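Quick note on labels: first sequence line is chain A, next is B, and so on, each numbered from 1. What you are looking at is a predicted structure, and each value in this text was computed from that prediction instead of being measured.
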2 protein chains.
Amino acid sequence: MPHSPLIRMFNARAHLTPDEEAALRSLPMQVRAIKAKQNVVREGDRPTRSFALLEGNACTYQNLDSGNRQIMAFHVPGDVPDLQSLHLSYLDHSVGTVGPCTVGFIDHADLQRICRDFPRIAAGLWRLTLIDACIFRAWISNLGARKADSRAAHLICETVVRMDAAGQVENGRLSWPVTQADLADALGISIVHVNRTLTQLRTAGLMTLQRGTLTVSDWPRLKDLGEFGSEYLHLSSDKDHSRPELN
Amino acid sequence: MPHSPLIRMFNARAHLTPDEEAALRSLPMQVRAIKAKQNVVREGDRPTRSFALLEGNACTYQNLDSGNRQIMAFHVPGDVPDLQSLHLSYLDHSVGTVGPCTVGFIDHADLQRICRDFPRIAAGLWRLTLIDACIFRAWISNLGARKADSRAAHLICETVVRMDAAGQVENGRLSWPVTQADLADALGISIVHVNRTLTQLRTAGLMTLQRGTLTVSDWPRLKDLGEFGSEYLHLSSDKDHSRPELN
DNA sequence: CGCACTCTTGACCGAGATCAACATTCGTGG
DNA sequence: CCACGAATGTTGATCTCGGTCAAGAGTGCG
């Protein structure tokens with residue numbers, strides 16, 4: 001059961017043979033619960049294992065000398081946020097929990113073994129890191145070329161689609177325990193302006209984000225405002241067609 | 001000879017056995033010269049080959065619906081900017097030349113073959129894409145958390161270190177034919193403000209960028225302003241120690 | 001029940017955008 | 001080799017989005 005989010009993540013993007021799925025399920029994994037707002041790994045670490053996020057929400061961030069924190073990714077169940085440490089010893093970023101989480105640690109040795117024995121799993125993991133890179137590029141465009149409201153809308157759209165692929169969305173509603181301070185660090189705007197921007201989106205009837213619950217009320221206009229298209233997430237099922245209730 | 005930039009790129013980050021180097025050198029590669037400001041691949045393409053940048057400078061960018069262009073990476077000789085297309089059919093970005101370039105196209109079939117026969121080359125290529133992701137993360141921090149002057153300084157520092165690793169820097173001077181409009185699209189600020197920012201850096205005696213030539217005149221202060229540390233580039237040789245003239 | 005965290009709103013400020021005009025450089029064909 | 005038009009770079013004036021400061025209101029946890 002603990003491996004399910006990982007399997008789901010794979011299956012949303014590639015196709016596993018029964019052999020491969022069995023191999024993944026038999027990966028030794030040390031499962032641990034982690035409280036909200038804790039670091040799982042820290043910039044500068046040289047981990048000997050990676051971890052899969054099994055439940056809850058986490059984020060990847062960097063602390064700058066100037067004291068600012070920049071969040072560069074939010075993670076959904078099934079993600080393996082520090083998979084890169086398998087090939088790059090020096091970790092360039094920290095990963096922290098947003099709300100309470102369950103994570104599963106997997107030794108690099110076991111990952112290496114499964115990659116050797118199942119080349120298609122190795123290719124699949126590579127693929128996952130390439131999709132992460134697509135998401136990073138989308139964030140670069142978001143931060144560099146959009147203004148605050150559009151930027152927020154794009155982030156929210158991305159979150160909804162990814163959380164949906166992870167099976168966390170019901171009736172356009174999902175649990176997303178980010179604070180406005182977190183959003184400020186992710187969007188590169190001040191906390192005060194996050195508040196004003198969210199108020200504006202809510203008043204316009206696009207969505208609400210209150211007490212950790214995100215509700216989308218007008219998906220088409222939200223998509224439009226955020227110039228959002230889901231292709232870059234490389235999910236085989238296009239949300240727009242498979243989940244008409246969000247249209 | 002055409003394969004040299006590629007070999008150099010590998011050797012700067014990993015170690016190739018003679019066998020592996022020979023295999024890379026024997027990769028069939030279709031070499032072509034491309035004029036400045038041309039696209040090599042376009043967003044939405046589904047390429048059947050990747051290409052290595054052999055000479056010149058290129059950039060990865062996305063065009064947004066709003067008409068803005070966001071540049072998300074500048075490439076140096078040895079880079080394989082669209083390596084991801086080996087595993088992700090849909091290309092989420094375009095790659096265009098900045099100045100005149102020489103590129104070498106390599107069929108995916110040949111890449112797949114060399115990955116199968118030389119697992120360490122496969123791992124090395126994966127590693128290269130992971131390093132690209134590190135660079136994207138650094139850009140996210142740059143765009144989200146720094147102001148214009150610091151942002152420009154960081155980009156310039158990154159460019160100098162990467163171009164140096166590619167053997168393109170002499171006496172803190174290198175050819176970098178970007179226009180101020182290109183920099184505006186990369187830094188997420190207006191052309192006018194790029195001009196003012198560069199003027200400011202030049203007046204402060206940190207660097208000059210004129211007629212396609214970048215000259216660093218005060219590396220420590222430039223690094224400091226850009227909060228730049230080169231670890232995230234994962235170059236085995238730390239520039240600060242190996243190239244004391246830049247200190 | 002009380003303290004700390006989070007959210008909200010208002011007033012004011014400033015980095016950078018936009019608009020406009022002009023200068024310089026470069027590439028091209030005559 | 002020169003002339004000319006287009007691309008690029010420069011500078012000033014004005015405007016605006018979003019930052020900063022400040023104070024109060026919820027909310028939730030120990």
Side-chain angles (χ1 to χ4, degrees), chain A residues 35-38 57 64 66-71 96-100 142-155 175-203 207-214 225, chain B residues 35-38 57 59 64 66-71 96-100 142-153 155 175-204 207-215 225:
Chain A
K35 290 208 192 70
K37 293 173 200 300
Q38 306 295 310
N57 291 91
L64 305 197
S66 51
N68 293 354
R69 176 176 78 143
Q70 179 66 42
I71 292 179
T97 59
V98 170
N142 208 29
L143 289 167
R146 296 196 183 99
K147 31 178 77 81
D149 54 350
S150 180
R151 222 183 271 189
H154 191 277
L155 171 58
S175 161
W176 196 38
V178 291
T179 64
Q180 295 187 356
D182 292 332
L183 290 177
D185 288 344
L187 295 171
I189 61 182
S190 68
I191 297 181
V192 170
H193 203 61
V194 166
N195 187 288
R196 295 195 162 112
T197 304
L198 291 181
T199 303
Q200 178 193 327
L201 295 186
R202 175 160 25 85
T203 307
M207 61 100 231
T208 63
L209 175 54
Q210 260 149 358
R211 253 156 286 144
T213 297
L214 173 62
L225 177 59
Chain B
K35 290 208 193 69
K37 292 172 200 302
Q38 306 295 309
N57 292 91
C59 66
L64 305 197
S66 52
N68 294 355
R69 177 177 78 143
Q70 178 66 43
I71 292 179
T97 57
V98 170
N142 207 31
L143 288 168
R146 297 198 182 98
K147 31 178 81 74
D149 54 350
S150 180
R151 221 183 271 188
L155 172 57
S175 161
W176 197 37
V178 291
T179 64
Q180 295 187 356
D182 293 332
L183 290 176
D185 288 344
L187 296 171
I189 60 182
S190 68
I191 298 180
V192 170
H193 203 61
V194 166
N195 187 289
R196 294 192 163 115
T197 303
L198 291 181
T199 303
Q200 179 194 326
L201 295 185
R202 175 160 24 85
T203 307
M207 61 99 233
T208 63
L209 176 53
Q210 260 150 357
R211 252 156 287 146
T213 298
L214 173 63
T215 311
L225 177 60

message: Strictly distance-based, threshold 3.5 Å: is any side-chain N or O of D182(A) a donor or acceptor partner for the main-chain N or O of T179(A)?
response: yes

message: What's the closest nucleotide to the side chain of I189(A) if the choices are dG18(D), dT8(C), dC19(C)?
response: dG18(D)

- prompt: Touch check for K37(B), heavy atoms < 4.0 angstrom, all strands: base, sugar-phosphate only, or nothing?
  reply: sugar-phosphate

- request: Could you work out which one of dG18(D), dG16(C), dT8(C) sits closest to the side chain of Q180(A)?
  value: dT8(C)

message: At 4.0 Å (heavy atoms only), tell me whether T179(A) reaches a base, stays on the sugar-phosphate, or touches nothing.
response: sugar-phosphate

- prompt: What nucleic acid atoms does G212(B) come within less than 4.0 Å of, heavy atoms only: base, sugar-phosphate, or nothing?
  reply: nothing

message: What does the 5'-to-3' dot-bracket notation of DNA chain D look like when only Watson-Crick and G-U wobble pairs under 3.5 Å count, and pairs to other strands show as |?
response: ||||||||||||||||||||||||||||||

- prompt: If you pin R146(B) and Q210(A) to their nearest nucleotides in DNA chain C, which one's is more 5'?
  reply: Q210(A)

field: Considering all heavy atoms, the nearest P177(B)-V98(B) contact
entry: O-CG1, 3.4 Å

message: So, under a plain 3.5 Å distance rule, would you say the side chain of R196(B) forms a donor-acceptor pair with the base of dG12(D)?
response: yes

message: Quick check: closest heavy atoms across A148(A) and I189(A), and the distance to 0.1 Å?
response: CB-CD1, 4.1 Å

field: Between dG16(C) (C1') and K147(A) (NZ): distance, integer Å
entry: 12 Å

- request: For residues V192(A) and Q180(A), determine if any side-chain heavy atom of one lies less than 4.5 Å from a side-chain heavy atom of the other.
  value: no

field: Closest non-hydrogen atom pair between N57(B) and S175(B), with its separation
entry: OD1-O, 3.8 Å

message: For L201(A) versus A152(A), what's the shortest heavy-atom pair and its separation?
response: CD1-CB, 4.3 Å

query: Can you find a side chain N or O atom of N195(A) that sits less than 4.0 Å from OP1 or OP2 on dC7(C)?
result: no

